[in-house]
A.B. asks: 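The structure's right below; bear with me while I get my questions together.
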Amino acid sequence: MATPTTTTAFHIEECTPADIPSLVHVYLSAFTPEPNHIACFPNSTCSWASQSAWLTNRFGNRLNNPGPGERHFKVIESGTGRMASFARWDFPHKPVEKASEEVE
């Protein structure tokens, strides 16, 4: 007898500054258990709260002041609206030409 399978639907949306708390939660949930993360940010000297505050500032800066061609996307579980993942992409762009100083 075949076991019934359940599928979960996801969709992609662009991130907004309102997503910062979810970005921080997803990031810390994914990386804090990793040995390399623990080595760089030991709990004895770098608490979850301090990492959260730093990431909140970092993600806020990136979302409010993206670089040229930079966009942020989130994967949302359609049924619950919860963020499952996110990514930052740098799309090809034409560099802005700097004004040259005329020398006489």
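Model, not experiment: these values are computed from the prediction.
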A.B. asks: Mind checking the CD1-CG spacing from Ile20 to Asn64? Nearest 0.5 Å is all I need.
C.D. replies: 6.0 Å

A.B. asks: Looking only at atom types and distance, does a side-chain atom of Gln51 sit under 3.5 Å from a main-chain N or O of Cys46, one as donor and one as acceptor?
C.D. replies: yes

A.B. asks: Thr16 and Leu63: which non-hydrogen atoms are nearest, and at how many Å?
C.D. replies: O-CD1, 3.5 Å

A.B. asks: If every non-hydrogen atom of Ala84 is compared with every non-hydrogen atom of Phe10, which pair is closest and at what distance?
C.D. replies: CB-CE2, 3.9 Å

A.B. asks: Under the rule for salt bridge (charged side-chain N to carboxylate O under 4.0 Å, His left out), what residues qualify as partners of Arg82, not counting sequence neighbours?
C.D. replies: none

A.B. asks: Is there a side-chain contact between Phe86 and Phe73, using heavy atoms and a 4.5 Å cut-off?
C.D. replies: no

A.B. asks: Could you tell me which residues satisfy salt bridge (charged side-chain N to carboxylate O under 4.0 Å, His left out) with Glu14, sequence neighbours excluded, listed by chain and number?
C.D. replies: Arg71

A.B. asks: Counting only heavy atoms not in Ile38, do more than 12 sit closer than 6.0 Å to its CD1 atom?
C.D. replies: yes

A.B. asks: Going only through I, L, V, M, F, W and Y residues with side-chain contacts under 4.5 Å, is there a path from Phe31 to Phe41?
C.D. replies: no

A.B. asks: What's the shortest heavy-atom distance between Ala39 and Pro42, and which atoms?
C.D. replies: O-CD, 3.9 Å

A.B. asks: Any side-chain donor-acceptor pair under 3.5 Å between His37 and Thr32?
C.D. replies: no

A.B. asks: With a 4.5 Å limit on heavy-atom distance, are the side chains of Leu55 and Leu23 in contact?
C.D. replies: no

A.B. asks: About how many Å separate CE of Met83 and OG of Ser22, when rounded to the nearest 0.5 Å?
C.D. replies: 4.5 Å

A.B. asks: So if you build clusters from Ile, Leu, Val, Met, Phe, Trp, Tyr with side-chain heavy-atom gaps below 4.5 Å, do Phe59 and Trp89 land together?
C.D. replies: no

A.B. asks: Check the hydrophobic clustering (I, L, V, M, F, W, Y; side-chain heavy atoms under 4.5 Å; chains of links allowed) and say if Trp48 and Val24 are grouped together.
C.D. replies: yes

A.B. asks: As a quick check of understanding, evaluate side chain to side chain contact (heavy atoms under 4.5 Å, CB included) for Glu77 and Thr8, giving each step before the final call.
C.D. replies: CA-CA 7 Å; Glu77 185 179 14; Thr8 304; 3.2 Å; yes

A.B. asks: Before giving the answer on side chain to side chain contact (heavy atoms under 4.5 Å, CB included), spell out for Ile12 and Ile76 the whole-Å C-alpha distance, their side-chain angles and the decisive distance to 0.1 Å.
C.D. replies: CA-CA 6 Å; Ile12 297 173; Ile76 301 296; over 6 Å; no

A.B. asks: Determine whether Val75 and Val26 fall in the same hydrophobic cluster, where Ile, Leu, Val, Met, Phe, Trp and Tyr are linked whenever their side-chain heavy atoms lie under 4.5 Å apart.
C.D. replies: no

A.B. asks: Taking atom OH of Tyr27 and atom OG1 of Thr56, what is their separation to the nearest 0.5 Å?
C.D. replies: 12.5 Å

A.B. asks: Quick one: salt bridge (charged side-chain N to carboxylate O under 4.0 Å, His left out) partners of Arg62, sequence neighbours excluded?
C.D. replies: Glu70

